[in-house]
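Okay, structure first, notes after.
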Amino acid sequence: MPTSRKALGQAGSPSSSMATDTCCCSPASLQRRLPILAWLPHYSAQWLKMDFIAGLSVGLTVIPQALAYAEVAGLPPQYGLYSAFMGCFVYFFLGTSRDVTLGPTAIMSLLVSFYTFHEPAYAVLLAFLSGCIQLVMGLLRLGFLLDFVSCPVIKGFTSAATITIGCGQIKNLLGLQNIPRQFFLQVYHTFLHIGETRLGDAVLGLVCMVLLLVLKLLRDHVPPAHPEMPPGVRLSRGLVWTATTARNALVVSFAALIAYSFEVTGYQPFILTGETAEGLPPVRTPPFSLTTANETVSFTEMVQNMGAGLAVVPLMGLLESIAVAKAFASQNNYRIDANQELLAIGLTNVLGSLVSSYPVTGSFGRTAVNAQSGVCTPAGGLVTGVLVLLSLDYLTSLFYYIPKSALAAVIIMAVAPLFEAKIFRTLWRVKRLDLLPLCVTFLLCFWEVQYGILAGTLVSVFILLYSVARPKTQVSEGPVLVLQPASGLHFPAIEALREMVLNQALKAAPARCAVLECTHVSSIDYTVVLGLGELLEDLHRQGVNLVFVGLQVPVLRTLLAADLKGFQYFSSLEEAEKYVHQDPGTQPYNICEDLVPEHKVALLKD
């Protein structure tokens with residue numbers, strides 16, 4: 001039902017009337033804070049059918065992935081499932097995208113492993129604190145801060161994380177044990193102990209990877225459904241579509257069945273997941289202290305131990321979730337509210353910490369499954385959440401037999417598409433300078449994630465500031481020097497502009513008059529005004545004129561208010577050139593001297 005889905009997207013997105021509505025109790029404001037109110041009145045039986053199918057498809061995907069991602073996070077497998085259901089229920093009320101699903105992801109699990117020391121108490125507390133930070137950002141409408149993390153930085157981090165996660169699963173794929181988790185040591189020890197590979201794990205892991213790849217390719221080539229299809233063809237297509245969509249669950253179940261068969265015979269060639277805590281997680285406050293056999297770690301010490309993770313984890317969670325939401329909103333022709341998304345993910349992490357969840361974010365892979373399944377509203381998440389809860393209550397005993405090599409295959413196949421080798425080639429063609437923050441982030445993330453992201457962001461900001469400090473200026477040589485800045489003038493740029501004008505105007509013999517063509521300058525600040533005043537004085541002492549052309553109204557008002565001595569403005573370049581050639585027939589439009597006081601005051605007030 002494409003028409004209905006599009007209509008829902010428009011109903012559920014923030015409109016211009018919402019943006020202008022300032023009353024916190026108005027219906028539009030309530031819809032903005034509770035997006036469910038926008039689409040629930042229009043809910044239909046057709047939407048219910050599509051949402052149920054999509055929710056079931058995502059549920060069959062998230063259960064094996066959650067178990068696998070817990071391994072990436074260095075936590076017991078049940079913590080992956082604890083993290084997989086709260087976002088489904090919160091997003092039902094607060095989400096502005098019909099496609100997004102919140103839950104554990106490979107990249108977020110990797111970050112959790114860096115900052116929580118494989119200790120569940122740290123992971124749960126990190127979820128709570130990250131959620132609080134995200135909630136505050138949403139309430140203060142600080143979503144725009146995410147715009148300062150450039151795409152090359154995100155791509156560099158994602159590519160490095162993909163390699164780190166993939167390499168981290170090779171040990172499970174080959175059945176190797178006692179391999180360190182630090183990336184470089186991990187690679188070294190994996191090659192060092194390659195001779196200890198367990199044949200059963202290696203064969204099963206590779207078979208699972210091949211099956212996942214075949215099912216994915218089959219899914220990509222399933223023809224779309226058409227009403228004119230014969231019933232038999234439609235049924236077979238539906239079965240193939242269901243099997244390929246739930247490929248993770250099918251492959252993991254297949255591997256567990258094989259492992260169980262060997263267990264019955266008394267011989268086990270695989271390393272198994274082992275015991276998974278049964279039942280639903282208890283509802284309790286996050287651990288604000290940690291008591292071990294040797295000592296008690298206070299809340300302050302726990303926060304200090306997590307260090308940069310309290311900035312990196314919430315930031316990357318927001319970036320990943322909003323990037324996913326924006327991508328699918330653009331693809332499916334509806335809008336999202338970034339600040340509302342901050343509230344949704346923040347509340348998910350805060351409430352999730354009450355049920356032992358580690359930090360979660362939007363999943364690109366499961367969101368794609370959701371969209372391709374024809375989801376119509378966030379209600380599809382309810383089905384996914386219920387399915388996860390049922391698996392926790394009834395299926396945890398069966399998770400014992402899942403081989404770790406099968407979960408490793410699921411993780412490797414899930415993260416492989418995240419590595420975009422073509423981004424390097426694309427940036428080389430489009431803008432080579434953007435390769436610098438990408439490569440800095442990519443390389444440093446193998447050492448420490450926070451250093452990679454911070455360094456890449458700083459390089460991106462430096463490149464941005466350099467363009468502000470040294471804006472491109474077109475220079476036209478001739479009897480009259482014409483300089484045209486390509487963008488706004490701000491305080492870091494005025495010294496460079498001043499030196500350029502002085503050098504270009506005075507190096508000729510005799511010295512040349514100069515015209516500053518300001519068509520593209522839309523704003524200036526006080527430092528620029530002072531610099532222009534000094535420039536006028538310096539040129540005047542050398543007997544050289546500097547005049548202005550094409551000033552926009554805001555810039556004209558600012559310069560007028562400054563009462564710069566010798567400031568002269570012309571409406572066209574031709575008039576300016578005639579004046580600086582001392583054509584007696586040309587009269588300067590000298591704002592500071594020729595304008596009558598009444599008109600000057602009126603222009604300042606306008």
Side-chain angles (χ1 to χ4, degrees), residues 67-77 79-80 104-123 126 156-199 201-202 205-206 209 270-274 292 294 302 304-313 316 358-359 403-416 418-419 421 438-456:
L67 295 170
Y69 292 153
E71 160 67 24
V72 176
L75 300 173
Y79 281 88
T105 66
I107 290 177
M108 185 55 65
S109 300
L110 178 68
L111 292 176
V112 169
S113 75
F114 287 153
Y115 299 111
T116 61
F117 322 106
H118 310 160
E119 173 56 57
Y122 276 98
L126 182 58
F157 162 72
T158 303
S159 298
T162 300
I163 295 174
T164 302
I165 294 168
C167 290
Q169 292 307 306
I170 291 178
K171 65 180 187 294
N172 290 329
L173 195 71
L174 302 180
L176 302 179
Q177 294 179 306
N178 301 319
I179 303 295
R181 298 185 70 91
Q182 202 281 334
F183 177 74
F184 296 107
L185 290 176
Q186 189 177 81
V187 173
Y188 171 74
H189 282 275
T190 298
F191 281 104
L192 187 65
H193 297 282
I194 197 74
E196 301 172 12
T197 298
R198 293 168 59 99
L199 182 61
D201 285 301
L206 293 174
M209 288 181 65
F270 313 120
I271 297 177
L272 304 181
T273 298
T292 63
N294 301 323
M302 292 180 74
Q304 290 175 345
N305 290 339
M306 287 186 285
L310 292 174
V312 174
V313 170
M316 294 311 300
Y358 66 80
K404 286 192 173 183
S405 59
L407 294 179
V410 169
I411 294 172
I412 292 173
M413 297 305 294
V415 300
L418 298 179
F419 183 81
L438 185 144
C439 292
V440 167
T441 306
F442 179 76
L443 295 175
L444 288 182
C445 277
F446 290 116
W447 176 34
E448 289 285 350
V449 169
Q450 65 268 28
Y451 297 151
I453 296 172
L454 179 61

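Index from 1, following the sequence. Note: hydrogens, waters and symmetry copies are ignored here, and every other heavy atom, side chains too, is used.
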K171 and H189: side-chain contact (heavy atoms from CB on, under 4.5 Å), yes or no, with the steps? CA-CA 9 Å; K171 65 180 187 294; H189 282 275; over 6 Å; no
Rounded to the nearest 0.5 Å, how far does CZ of F191 lie from CD1 of I170? 7.0 Å
Point-to-point distance, once rounded to the nearest 0.5 Å, from OG1 of T441 to OH of Y451: 15.0 Å
Quick one: OG1 on T190 to CG on L174, what's the gap to the nearest 0.5 Å? 8.0 Å
Verify, without hydrogens or angle tests, whether T197 (side chain) and I194 (backbone) share a donor-acceptor contact under 3.5 angstrom. yes
Which heavy-atom pair separates G452 from L444 by the least distance, and what is that distance? CA-CB, 3.5 Å
In sequence, state the C-alpha distance, the side-chain angles, and the governing distance for F157 and V449, and then conclude on side-chain contact (heavy atoms from CB on, under 4.5 Å). CA-CA 8 Å; F157 162 72; V449 169; 3.7 Å; yes
Taking Q169 for its side chain and I412 for its backbone only, find out whether a donor-acceptor pair lies under 3.5 Å. no
Working to the nearest 0.5 angstrom, can you tell me the gap between T116 OG1 and N305 CG? 11.5 Å
Tell me, with the steps shown, if L111 and M316 meet side-chain contact (heavy atoms from CB on, under 4.5 Å). CA-CA 9 Å; L111 292 176; M316 294 311 300; 3.7 Å; yes
Could you check if a side-chain atom of V112 sits within less than 4.5 angstrom of a side-chain atom of P359, using non-hydrogen atoms only? yes
In sequence, state the C-alpha distance, the side-chain angles, and the governing distance for L67 and T273, and then conclude on side-chain contact (heavy atoms from CB on, under 4.5 Å). CA-CA 9 Å; L67 295 170; T273 298; 5.8 Å; no
Should I271 and Q177 count as side-chain neighbours, where that means a heavy-atom distance under 4.5 Å? yes
Between Q182 (side chain) and L185 (backbone), is there a donor-acceptor pair under 3.5 Å? yes
About how many Å separate OH of Y69 and CG of L407, when rounded to the nearest 0.5 Å? 11.0 Å
Would you call the rings of F419 and F442 parallel, tilted or perpendicular, where under 30° means parallel and over 60° means perpendicular? tilted
Can you name the closest pair of heavy atoms from F446 and A160 and give their distance? CE2-O, 3.7 Å
Which heavy-atom pair separates G205 from A409 by the least distance, and what is that distance? O-CB, 3.7 Å
Does atom OH of Y188 have more than 12 heavy-atom neighbours, drawn from other residues, nucleotides or ligands, at distances under 6.0 Å? no
In this structure, CG of L176 is separated from NE2 of H193 (nearest 0.5 Å) by 8.0 Å
Within the supplied structure, the quantity of interest is the number of heavy atoms (other residues, nucleotides, ligands) at a distance under 6.0 Å from F183 CZ; does it exceed 12? yes
